[in-house]
Amino acid sequence: MTTEDYLLQRFGPLMSLNNLANILGRSSESIRIGLYSESKLSDKLRPTVVRVGRRIYFRTMQLSTALELDNTERGSDHE
């Protein structure tokens with residue numbers, strides 16, 4: 001099972017700010033602040049954002065790619 005499959009099964013097509021914060025081990029407030037700052041993380045997260053009223057959601061299918069959660073070099077030796 002890929003990371004994308006796992007996230008889709010667990011959260012559905014949209015992840016809440018709290019869900020993403022828990023996965024990344026950060027507070028939801030730090031994710032919210034990070035979205036409005038200039039950083040590598042915000043550059044990766046912004047294209048995945050969906051706003052529904054005042055709520056912020058993230059497209060689950062894009063997150064694993066944007067955050068590079070699937071590590072294709074598992075088990076390889078680091079030189």
Side-chain angles (χ1 to χ4, degrees):
M1 176 182 285
T2 66
T3 303
E4 186 177 281
D5 292 336
Y6 170 76
L7 293 174
L8 278 172
Q9 184 178 16
R10 184 165 177 204
F11 300 109
L14 295 175
M15 290 178 62
S16 71
L17 186 66
N18 290 332
N19 294 145
L20 181 60
N22 287 333
I23 286 175
L24 297 179
R26 295 179 171 210
S27 70
S28 57
E29 190 61 27
S30 72
I31 300 293
R32 186 187 323 273
I33 290 168
L35 284 173
Y36 298 104
S37 66
E38 291 299 322
S39 68
K40 288 182 182 181
L41 180 61
S42 65
D43 290 343
K44 291 179 180 184
L45 289 180
R46 279 189 201 123
T48 71
V49 170
V50 174
R51 294 186 189 274
V52 178
R54 294 182 63 183
R55 297 185 186 265
I56 298 172
Y57 294 97
F58 301 87
R59 292 179 190 96
T60 305
M61 292 181 66
Q62 292 178 342
L63 277 176
S64 67
T65 303
L67 298 177
E68 300 168 1
L69 295 176
D70 272 330
N71 185 357
T72 57
E73 296 179 325
R74 284 187 191 138
S76 67
D77 294 335
H78 297 289
E79 296 178 36

Asks: If you measure from OG on S64 to OH on Y6, what distance do you get to the nearest 0.5 Å?
Replies: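 One gets 13.0 Å once the value is rounded to the nearest 0.5 Å.
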Asks: Give the intermediate values and the outcome of side chain to side chain contact (heavy atoms under 4.5 Å, CB included) for residues R10 and N19.
Replies: CA-CA 10 Å; R10 184 165 177 204; N19 294 145; over 6 Å; no
Asks: Drop me the distance from L41's CG to I31's CD1, to the nearest 0.5 angstrom.
Replies: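 So the gap between those two atoms works out to 5.5 Å.
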Asks: Show your reasoning for whether side chain to side chain contact (heavy atoms under 4.5 Å, CB included) applies to M1 and Q9.
Replies: CA-CA 10 Å; M1 176 182 285; Q9 184 178 16; 3.1 Å; yes
Asks: Determine whether a donor-acceptor pair (N or O, by modelled atom type, separation under 3.5 Å) exists between the side chain of R59 and the backbone of P47.
Replies: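 Yes, the answer is positive, given that a donor and an acceptor are paired below the 3.5 Å cut-off.
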Asks: Please report the interatomic distance CG(L7) to CE(M61), rounded to the nearest 0.5 Å.
Replies: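 Those atoms lie 11.0 Å apart.
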Asks: Would Y57 and V49 satisfy side chain to side chain contact (heavy atoms under 4.5 Å, CB included), going step by step from the backbone distance to the final call?
Replies: CA-CA 6 Å; Y57 294 97; V49 170; over 6 Å; no
Asks: Quick check for you: to the nearest 0.5 Å, what is the distance between F58 atom CZ and L45 atom CG?
Replies: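 Separation between the atoms: 5.5 Å.
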Asks: Could you measure the distance from the CE atom of M15 to the OG1 atom of T48? Nearest 0.5 Å is fine.
Replies: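 Answer rounded to 0.5 Å: 9.5 Å.
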Asks: Kindly say whether L35 contributes a backbone atom to a donor-acceptor pair with the side chain of S42 at under 3.5 angstrom?
Replies: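 Looks like no, no N/O pair under 3.5 Å.
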Asks: What's the spacing between I23 CD1 and L20 CG if we round to 0.5 Å?
Replies: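 I23 atom CD1 to L20 atom CG measures 6.5 Å (nearest 0.5 Å).
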Asks: Is a donor on one side and an acceptor on the other found under 3.5 Å between the side chain of S28 and the backbone of A21?
Replies: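 Between the backbone of A21 and the side chain of S28 there is no qualifying donor-acceptor contact (under 3.5 Å).
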Asks: Out of the candidates R55, R32, E29, only one should pair with L17 under the side-chain contact (heavy atoms from CB on, under 4.5 Å) rule; please name it.
Replies: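 When side-chain contact (heavy atoms from CB on, under 4.5 Å) is applied between L17 and each of R55, R32, E29, only R32 qualifies.
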